[in-house]
Each structure stands twice: as C-alpha cells, then as structure tokens.
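Input: a single structure, listed below in structure tokens.
Count residues from 1 along the sequence. One-based numbering, in listed order, for ligands and for the atoms of each.
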Amino acid sequence: MPYGTMLQVIKHPLIDHYLTRIRDIDTSCARFRDLVGCVGTLLAYEATRDVKQEEVEVQTPMEKCTGLRFANNVCIVPILRAGIGFSDAIVSLFPDAHIGHIGLFRNEDILEPVEYYKSLPIQIGQGPVLLVDPMLATGGSAIAAAKMLKEKGCKDIRFICLIAAPEGIEKFHIAHPDVPIYTAAVDRQLDENGYILPGLGDAGDRIFGTLEKH
Ligand SMILES: O=P(O)(O)OC[C@H]1O[C@H](OP(=O)(O)OP(=O)(O)O)[C@H](O)[C@@H]1O
Ligand SMILES: O=c1cc[nH]c(=O)[nH]1
Ligand SMILES: [Mg+2]
C-alpha cells in the first residue's frame, strides 16, 4: 500500500475472529453490536499508542513515584448513526473524553453525504480527536466529517473504521493526507451501489436492527 503510516491495518487474531463474526449475515443484532464494540476498543488502543503524555507525581500506598498520563484529553466523534455503535465501547476506554457528534447520511442515489447534525465540544482543538465510523466506502462521509473537524481547529485527527474500501482510502488520503486511517480490514472493492465487498452490509441497519435491504 502506498500510504505508509497513514494507513494502519491492525492485525491481531482477536480482530480477525471478531470481524469474521461481524461479517456473518447470521450474527444477531445484539451480538453484532457487542462485536463491533470489541473491535472498536482494540483499534482505539492502537490509534492512541503515540499520543502525547506528561509526567505526574503519584502517591502510592507505599511511596511517591512518577506516572504518565495523557497530556490532553482525547475527544471522540462518531459519525451518526453507525458511528454510535462503534463509539460507545471506545468511550469506555477513555472515561474523561469529550464527545462530539456529526450527523451525516449518505444519499444512496448520488452517494454524497448529507449533513443533518453537528455538536462538537469547545475543547475539541486541544487534543487528539478520534473520528469513528465503521465503514469507509466511497470516502465521502469521512472526508466531510474530517473537514468539519478541521474547521473547528482540530490538528490531530485519527480516523478509525472497521472496514475500508480501496476507493475510499484513496479519496480520503487525497483530501486529508495528514489524517491517519486505522482499520481492521481493507476489503476488495465497492459494488455498483457503493457498498463494500465483501463488507458486512449496511452497518447502521445491522447495529440498530433496521435492516431491510441487505
Ligand atoms: O464512505 P461513504 O460512501 O460515505 O459511506 C460510508 C457511510 O455510510 C454509512 O452511513 P449511512 O449513510 O448508511 O448512515 P447511517 O449510519 O445512518 O446508516 C457508514 O456508516 C458511513 O457513514
Ligand atoms: O458497505 C457499506 C457502505 C456504506 N455503508 C455501509 O453501511 N456499508
Ligand atoms: Mg446506513
């Protein structure tokens, strides 16, 4: 892949195992949600491996020592709706995180994102921002969301997704060459409707049980 460290495909047997269950059409909605959360936390763990830390003095029951903590609070921003199913578990890893929301849905005729909601914390420009959405398909939604974050002053954005299509990775990288993508898998291609193959179907529908088409 020509993207260097800007595309990190996180390999681990646990991720492979969970992702296989996630892809399976026979996996129930409740199990799907749990598994998406499990992979989300593993990806977020890797995506924050190099965040800035600072030293802090801590008094143990035995003596004083020096510990490390995040220099800045992490901010987590799911892209609604499917991103919520992904971010709930990630938030539990970072209990002090500020949380923003970006509402986008993909117009399924023209495959362009439509914005319908935005609520971003005022502190958002200060620390690392984890932008999360399970699917990077054409890339339109993630590109629009990262642009909204940059307009708010965010300088350290990390995009986390479950599955990315090569077409979306390329478009996203051209639009935001400074934003790394952390994903569990790069799939083969998009179909004629902009769905990822082999993919997992419609992430939002599977997370929220509104599955009709796929
Ligand atoms: O890369 P793209 O081609 O933009 O497609 C990816 C987007 O599609 C899905 O959301 P969807 O529009 O289905 O909204 P939902 O989360 O409300 O189901 C997914 O969660 C991404 O946000
Ligand atoms: O495969 C895809 C593509 C876009 N959105 C999804 O939920 N799934
Ligand atoms: Mg959807």
Exercise for review: Could you tell me if any non-hydrogen atom of Gly201 lies under 4.0 Å from any atom of ligand 2?
Suggested key: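 Right, Gly201 reaches ligand 2.
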Review point. Is it true that Arg206 lies under 4.0 Å from ligand 2, counting heavy atoms only?
Key: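 The answer is no, since Arg206 has no heavy atom less than 4.0 Å from ligand 2.
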Return yes or no for this condition: an N or O of [X] is under 3.5 Å from an N or O of ligand 2.
X	answer
Gly204	no
Met135	no
Gly194	no

From [X] atom [atom1] to [Y] atom [atom2], the distance as rounded to the nearest 0.5 Å:
X	Y	atom1	atom2	answer
Arg206	Leu35	CZ	CG	9.5 Å
Asp34	Tyr18	CG	OH	10.0 Å
Ile76	Asn73	CD1	CG	9.5 Å
Ile79	Leu136	CD1	CG	9.0 Å

Should you measure from each heavy atom of [X], which atoms of ligand 1 turn up under 4.0 Å away?
X	result
Gly139	1 (O), 2 (P), 3 (O)
Phe105	12 (O)
Met135	6 (C), 19 (C), 21 (C)
Ala82	16 (O), 20 (O)
Gly204	18 (O)

Review point. After noting the C-alpha distance and the side-chain angles of Arg23 and Asp187, does the key distance pass the salt bridge (Lys or Arg N to Asp or Glu O under 4.0 Å) rule?
Key: CA-CA 12 Å; Arg23 290 186 192 278; Asp187 274 8; 2.7 Å; yes
Ligand-residue contact atoms, ligand 2 with [X], heavy atoms, under 4.0 Å:
X	answer
Ala203	6 (C), 7 (O)
Ile196	1 (O), 2 (C)
Ala137	3 (C), 4 (C)
Arg106	3 (C), 4 (C)

Review point. Can you find a pair of side-chain heavy atoms, one from Cys161 and one from Met135, that are under 4.5 Å apart?
Key: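 They are not in contact (no side-chain heavy atoms under 4.5 Å apart), so the answer is no.
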Point to revise | Check: Leu130 and Thr48 side chains under 4.5 Å, non-hydrogen atoms | key: yes
[X] N/O under 3.5 Å from ligand 1 N/O:
X	result
Asp205	no
Tyr116	no
Ala137	yes

**Study point:** side-chain hydrogen bond (donor to acceptor under 3.5 Å, both in side chains): pairs with one or both residues in residues 139-166, sequence neighbours excluded
**Key:**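 Matches after skipping sequence neighbours: Asp50-Arg158, Lys147-Glu151, Lys150-His176, Lys150-Asp178, Asp156-Arg158.
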Review point. Side-chain donor-acceptor pair under 3.5 Å between Thr210 and Arg81, yes or no?
Key: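 Arg81 and Thr210 do have a side-chain donor-acceptor pair below 3.5 Å.
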Study note, to complete from the structure: The option among Arg206, Arg106, Glu108 carrying the non-hydrogen atom nearest to atom 12 (O) of ligand 1 is Arg106
Exercise for review: Measure Asp133 to ligand 1 on non-hydrogen atoms and call it side chain, backbone, both or neither using the 4.0 Å cut-off.
Suggested key: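 Only the side chain of Asp133 comes within reach of ligand 1.
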Check your understanding: Does Arg69 make a cation-pi contact with Phe94, if we ask for NZ or CZ under 6.0 Å from the ring centre and within 45° of the axis?
Key -> no
Check your understanding: Does Glu112 have any salt bridge (charged side-chain N to carboxylate O under 4.0 Å, His left out) partners at least two apart in sequence or in another chain, and if so, which?
Key ->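 With sequence neighbours excluded, Glu112 shows a salt bridge (charged side-chain N to carboxylate O under 4.0 Å, His left out) to no residue whatsoever.
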Review point. Could you go step by step and tell me if Phe159 and Tyr182 meet the ring pair (Phe, Tyr, Trp, His ring centres under 6.0 Å) rule?
Key: CA-CA 6 Å; Phe159 179 65; Tyr182 293 84; 9.7 Å; no
